[in-house]
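Heads up, the thing below is written out as C-alpha cells.
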Amino acid sequence: MELSHHEELQLFALLAAASALLVLVPVLRVPYPILLVLGGLAMGLVPGLPEVELPPDLVLVVFLPPLLYGAAFYTSLREFRANVRQIGLLAVGLVIATTAGVALVAHEVVTALSWEEAFILGAVVSPTDPIAATSIAARLGVSRRIVVVLEGESLVNDATALVLYRAAVVAAVGGAFSLWETGLRIVVAAVVGVAIGLVVGFVVREIRARIDHPQAEIGLSLLTGYLAYLPAEAIGASAVLAAVTAGIYVGWHAPVLTTPALRLQGAAFWDVMTFVVNSVLFALVGLQLPRLVEALGDVPAGEVAWAAVAVSVAVVLIRVVWVFAFMFGPYVRGWLGGRYPRAKWRTVAVVSWAGMRGAVSLAAALAIPLDVPQRDLLIFLAFVVILVTLVGQGLTLPALIRVLDLPDDGSAAREDANARVFAAEAAVARLDELEREEWVREDTAERMRGLYGFRRDRFSGRIDGTHVDVEERSQAYQRLRRELLRAEEAAVIDLRTRGEIGDDVMHRVLRDIALEEQRLDAEV
C-alpha cells in the first residue's frame with residue numbers, strides 16, 4: 001500500500017518526535033517514562049496526526065509478556081525472599097485498597113460511572129511501575145532495600161491488579177461480581193500461573209543448556225514470556241504470574257547457561273526492548289487522546305476535570321496512608337514476627353512517594369473492551385493518573401530523597417567488593433595448580449599473580465578502608481589505559497577512512513576495544 005504525501009508527513013512527524021525524546025533522555029537526566037508520558041501528551045496536541053488503535057484483546061497479550069519477563073529475569077531472588085512480607089503488603093494489600101478506594105471516589109464524583117466501571121478504573125491504576133522510581137533511587141544512592149521492595153512490589157502487584165481488573169470487566173459487560181468467587185479466583189489463578197511459569201522456565205532452561213548461539217538464545221528469551229503468558233491466559237490462570245515466574249526461574253539459572261558474549265548482548269537487547277515497548281504504548285495513547293477528549297462530550301467538562309483531580313489525589317494519598325500505617329506501625333512489626341525493626345520514617349516516606357504508574361496501567365486501560373460504556377473516560381482518567389504520578393512524583397522524588405538525606409547502606413558496594421576479592425583468590429588458587437603444567441611459562445604466571453594480587457588488595461581496601469594508595473594507582477592506570485584506547489580507536493577509524501581496512505574489520509576491532517574499556521574497573 002502506497003502512502004499519501006500527507007501520511008508520509010505524519011509519519012515523519014512521529015519519527016521526529018520520537019528522535020527528540022531519545023535526545024532529551026541523556027540531556028535532561030530524567031527517567032525516560034517521564035519523558036514518554038509528556039511526549040505522548042504532546043503527540044495528542046498535534047493536529048492532523050492519524051488515529052491508531054489496536055484491538056483491545058491484543059493489547060495485553062502483545063505488550064505485557066516481554067515487559068514482565070524482562071523485569072523478572074533480572075530480579076534478585078534472594079532479596080525478594082528477604083523482603084517478601086513487605087512486598088506482599090504492597091503488592092496485594094495496597095492493590096486491593098487502591099482498587100476499592102479509587103472505585104469509591106470515581107463512582108461518587110462521576111455520576112455516569114457504574115460501580116463495575118469504577119472498579120475497572122481502580123484496578124487499572126493500582127499497579128506501580130518501578131522504572132522511574134528505581135532509576136532515581138539508584139542514581140541518588142539510596143538503600144538497596146528500597147529498590148528491592150519497589151521492584152518486587154511492581155512484579156507481583158501486576159498479577160493482583162489484573163485479576164481484579166478481569167473480574168470487574170466481566171461484571172461490567174453483563175456478568176456478576178462475587179467477592180468470595182473473586183478471592184478464590186485470585187488464589188487458584190496465582191497457584192496455576194506459578195505452576196505454568198515453572199514448567200515453561202524448566203523447559204526453556206533445558207533447551208538453552210543445549211544450544212550455544214547468542215542470537216537464537218536472545219530470541220528464545222523474548223518468546224519465553226509469551227510461552228508462559230499465553231497458556232495461562234487461555235485457561236484463566238494468572239498469566240502475569242506465569243510470565244514473572246518463568247522470568248525469575250530462568251534468570252536464576254541464566255549464569256550457568258549463558259556465555260560472556262550472550263550476557264553483553266542480552267542485557268543490551270532487553271534495555272532497548274523495554275524502552276521500545278514503553279514508547280509504543282505511550283505513543284498509542286497520545287494518538288488516541290484527541291478522539292478520547294472528543295468522546296467525553298457526553299460528560300460535563302467540569303465533572304471530568306474534577307474526577308481527574310479526585311482520582312489522582314486518591315491514588316497518591318491511599319499509598320501514603322497505607323505505607324505509613326503498615327510499614328511504620330507497631331502492629332505490622334509484630335505480624336512480621338519481630339524479625340524486622342521498625343522501618344525508619346525517612347525510608348517509609350520515600351517508598352510511599354515512589355508509587356508511579358506506567359506501562360502496565362497503560363496497557364490495561366487500552367485493553368478495556370469496546371462494549372464497556374465509559375471506556376473512553378476510563379482511558380482518559382488512567383492517562384491523567386499516569387501523568388500526575390510519573391511527572392509530579394517522579395520529578396519531586398529526587399528532591400525528597402535529598403531533603404531526607406537518605407544514605408546508601410553500602411551493602412551493594414560491600415558485596416561487590418567481596419565478590420571480586422573471592423574471584424581473585426579463586427584465580428590465584430587455580431594459578432597455583434596450573435603452574436606445574438608445561439605450557440604455563442614462569443614469567444607469565446608471575447605477571448598474572450601480580451595482577452590478581454593487586455586486584456585483591458584493591459577491593460579488600462574498599463571493604464576495610466585501607467590501601468588508599470592502591471586505589472589511587474588503579475585510577476591512574478585506568479585513566480592512562482582509556483587514553484591509549486582512544487588512540488587505538490582513532491587509528492582504526494583512520495585506517496577505514498583511508499580505505500586500508502573494510503567496515504567489517506573496523507567494527508570487529510572497535511568492539512574488542514570497547515570490551516577492554518568495559519573491563520577496566522574490574523581488571524585492576
Side-chain angles (χ1 to χ4, degrees), residues 2-3 5 7-32 35-36 39 42 66 70 74 135 138-139 211-222 258-280 283 420 441 443-444 447-448 450-451 454-455 458 471-524:
E2 186 176 349
L3 294 177
H5 180 64
E7 290 172 331
E8 289 175 345
L9 290 177
Q10 291 175 338
L11 179 60
F12 171 77
L14 287 175
L15 294 176
S19 301
L21 285 176
L22 291 173
V23 172
L24 287 174
V25 167
V27 172
L28 299 180
R29 299 190 66 195
V30 172
Y32 71 79
L35 290 180
L36 290 180
Y74 291 102
S135 63
R139 190 177 75 233
I211 59 176
D212 183 13
H213 190 281
Q215 288 73 28
E217 293 187 67
I218 290 174
L220 182 57
S221 71
L222 174 61
T258 55
T259 62
L262 178 58
R263 290 191 189 103
L264 293 173
Q265 295 179 41
F269 169 82
W270 279 107
D271 283 344
V272 174
M273 182 68 184
T274 303
F275 180 83
V276 169
V277 172
N278 277 277
S279 300
V280 172
R420 296 184 190 277
R441 298 173 62 89
D443 58 336
T444 303
R447 188 163 63 250
M448 296 303 295
L451 170 65
F454 185 88
R455 186 184 300 180
R458 179 190 174 204
E471 185 68 30
E472 290 177 350
R473 286 165 55 197
S474 174
Q475 295 299 324
Y477 170 84
Q478 290 181 60
R479 179 179 178 182
L480 176 61
R481 190 77 182 96
R482 286 192 172 91
E483 291 291 337
L484 299 179
L485 289 173
R486 296 287 81 76
E488 288 188 50
E489 287 181 351
V492 172
I493 294 171
D494 184 58
L495 283 176
R496 190 284 308 264
T497 303
R498 299 203 310 261
E500 297 184 24
I501 60 173
D503 281 41
D504 56 337
V505 173
M506 178 195 69
H507 289 305
R508 187 162 58 248
V509 176
L510 290 181
R511 175 182 176 276
D512 290 342
I513 293 173
L515 289 174
E516 285 193 53
E517 184 169 358
Q518 289 295 310
R519 289 196 301 265
L520 269 181
D521 188 62
E523 191 176 72
V524 294

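In what follows, every heavy atom counts, from backbone to side chain, and hydrogens, waters and symmetry copies are set aside. The shown structure was predicted, so the numbers you read here are calculated from the model rather than taken from an experiment.
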Quiz prompt | Greater than 12 external heavy atoms within 6.0 Å of Arg263's CZ | solution = yes
Self-check item: Glu483/Arg486 ion pair, N-O < 4.0 Å
Solution: no
Quiz item: If you look at every heavy atom in Met273 and Pro66, which pair is closest and at what distance?
Solution: CE-CB, 3.9 Å
Self-check item: From CZ (Arg482) to CG (Leu484), nearest 0.5 Å
Solution: 12.0 Å
Quiz prompt | Arg481/Glu517 ion pair, N-O < 4.0 Å | solution = no
Quiz prompt | CD on Glu217 to CG on Leu222, rounded to 0.5 Å | solution = 14.0 Å
Self-check item: Separation of Ile211 CD1 from Leu262 CG (nearest 0.5 Å)
Solution: 9.0 Å
Quiz item: Roughly how far, to the nearest 0.5 Å, is the CD atom of Glu500 from the CE atom of Met506?
Solution: 14.0 Å
Quiz item: Does the side chain of Gln475 reach to within under 4.5 Å of the side chain of Arg458, using non-hydrogen atoms?
Solution: yes
Exercise. Using the side chain to side chain contact (heavy atoms under 4.5 Å, CB included) rule, pick out the option among Val492, Val509, Ile493 that qualifies with Ile501.
Key: Val492
Practice problem: Give, for atom CG of Asp494 and atom CZ of Arg498, the distance between the pair rounded to the nearest 0.5 Å. | Solution: 4.5 Å
Quiz item: Can you tell me how far CG of Leu510 sits from CG of Leu515, rounded to the nearest 0.5 angstrom?
Solution: 11.0 Å
